[in-house]
Undergrad: 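Take a look at the following structure, please.
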Amino acid sequence: MLDPLIIEFDKALRTLFASAPNSRLSPGAGLMEEPLSDEDRVHAGSLMRINHVGEICAQALYQGQALTCRDPEIRQALELAAYEETEHLAWTERRINELGGRKSLLNPLWYLGALSLGVFAGKLGDAWSLGFLAETERQVEAHLDHHLSELPTQDVKSRAIVQQMKVDEVSHAETAIHLGARDLPPKLKTAMRLAAGVMTRTAYYV
């Protein structure tokens, strides 16, 4: 039992404290950096910090679900999705640095909370776990849509990153549904939106 625990602990440390690997160039890599006012730069950096927190949570959520998954095929799909999410982690971290911002000081707390939710969802069974994943991705898609409306128009680099993240999140939700996700009760969906709202409002500043 010790070796798997060490591996999972190593994943957590890498997610929180190491630069994430990525095989795809950032969607904004080939775009010109347009001038931004100080106010717009701070606002864009804060929004990208929220997105980075979301990717920290995604890594922890997938990790928790994979740990408790019963079906090897579903576990493999979760691990693949988690790997794809590391690219989002790398893109948002790099963009935060370019904007002169910083990552959330509460990242370890966000990670622990999402990991616990992932383990809990996995314990309910694979169908419910996938349902939780699909709903999470739907809500993330809506959240990214909101950010596209909030980001400064001239911040083409951040907008390109968020747009590609949205495409990938839709794909992950569709994969979860294809694998047999169950639709969550409306009250649980509402609770998830409320919890996400608290996280985003906090991460904007901290």
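If you read the sequence from its start, that first residue is 1, and numbering goes on from there. Note that the structure is a prediction, hence the values are computed from the model and not measured.
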Undergrad: Would you confirm whether Ser26, through its side chain, and Trp91, through its main-chain N or O, come within 3.5 Å as a donor-acceptor pair?
TA: no

Undergrad: Might you point out which heavy atoms bring Leu99 and Arg41 nearest each other, and give the distance in Å?
TA: O-CG, 3.2 Å

Undergrad: Can you tell me if Thr68 uses its side chain to pair, donor with acceptor, with the backbone of Gly64 under 3.5 Å?
TA: yes

Undergrad: Does Ser37 reach the main-chain N or O of Asp40 with its side chain, forming a donor-acceptor pair under 3.5 Å?
TA: yes

Undergrad: Would you compute the distance between atom CZ of Arg94 and atom CE of Met48 and round it to the nearest 0.5 angstrom?
TA: 11.0 Å

Undergrad: Quick one: closest heavy-atom pair of Ala176 and Ala134, and the distance?
TA: CB-CB, 4.0 Å

Undergrad: Keeping Gln65 on the side-chain end and Phe120 on the backbone end, is there a donor-acceptor pair under 3.5 Å?
TA: no

Undergrad: Contact between Asp168 and Arg24 at the side-chain level, heavy atoms closer than 4.5 Å - yes or no?
TA: yes

Undergrad: Give the C-alpha distance, both sets of side-chain angles, the deciding distance and a yes or no for side-chain contact (heavy atoms from CB on, under 4.5 Å) between Val140 and Lys166.
TA: CA-CA 8 Å; Val140 169; Lys166 178 185 169 184; over 6 Å; no

Undergrad: Is the side chain of Arg70 donor-acceptor paired with the backbone N or O of Gly122 at a distance under 3.5 Å, no angle test?
TA: yes

Undergrad: Checking Arg49 side chain against Arg102 main chain: does a donor-acceptor pair fall under 3.5 Å?
TA: yes

Undergrad: Got a sec, which residues hit salt bridge (charged side-chain N to carboxylate O under 4.0 Å, His left out) with Glu150, two or more places apart in sequence or on another chain?
TA: none

Undergrad: In the structure I gave you, are the side-chain heavy atoms of Met199 and Trp110 within less than 4.5 Å of one another anywhere?
TA: yes

Undergrad: Count I, L, V, M, F, W, Y as connected when their side-chain heavy atoms are under 4.5 Å apart, and connections chain through other members. Are Leu148 and Tyr204 then in the same cluster?
TA: yes

Undergrad: Got a second to check how far Glu55's CD is from Met165's CE, nearest 0.5 Å?
TA: 4.0 Å

Undergrad: To the closest 0.5 Å, what do you measure between NZ (Lys103) and CD1 (Ile56)?
TA: 7.0 Å

Undergrad: Just how far is it from atom OG1 of Thr136 to atom CG of Leu184, taken to the nearest 0.5 Å?
TA: 8.0 Å

Undergrad: Examine distances only and state if a side-chain atom of Ser158 and a backbone atom of Asp155 form a donor-acceptor pair shorter than 3.5 Å.
TA: no

Undergrad: Using only atom types and a distance under 3.5 Å, with no angle test, would you say the side chain of Lys157 pairs donor to acceptor with the backbone of Arg95?
TA: no

Undergrad: So how far is it from Asn51 CG to Glu93 CD, rounded to the nearest 0.5 Å?
TA: 13.5 Å

Undergrad: Closest heavy-atom contact between Cys69 and Arg75?
TA: O-NH2, 2.6 Å

Undergrad: Looking at Arg182 and Asp126, is there a salt bridge between them, counting it only when a charged N and a carboxylate O are closer than 4.0 Å?
TA: no

Undergrad: Do you know which two heavy atoms are closest between Val53 and Ala203, and how far apart they sit?
TA: CG2-CB, 3.9 Å

Undergrad: Are the side chain of Thr202 and the backbone of Val198 linked by a donor-acceptor contact shorter than 3.5 Å?
TA: yes

Undergrad: Please determine which of Leu151, Thr92, Ile96 meets the side chain to side chain contact (heavy atoms under 4.5 Å, CB included) test together with Leu47.
TA: Leu151

Undergrad: Do Arg138 and Glu135 pass the salt bridge (charged side-chain N to carboxylate O under 4.0 Å, His left out) test, and can you show the C-alpha distance, the side-chain angles, and the key distance before you say yes or no?
TA: CA-CA 5 Å; Arg138 289 192 196 101; Glu135 180 59 26; 3.1 Å; yes

Undergrad: Let me confirm one number: the OH-OG1 distance from Tyr205 to Thr200, rounded to the nearest 0.5 Å.
TA: 10.5 Å

Undergrad: For side-chain contact (heavy atoms from CB on, under 4.5 Å), just list the numbers for Glu85 and His172, CA-CA rounded to whole Å, side-chain angles, deciding distance to a tenth of an Å, and then say yes or no.
TA: CA-CA 10 Å; Glu85 295 279 3; His172 294 160; 3.1 Å; yes

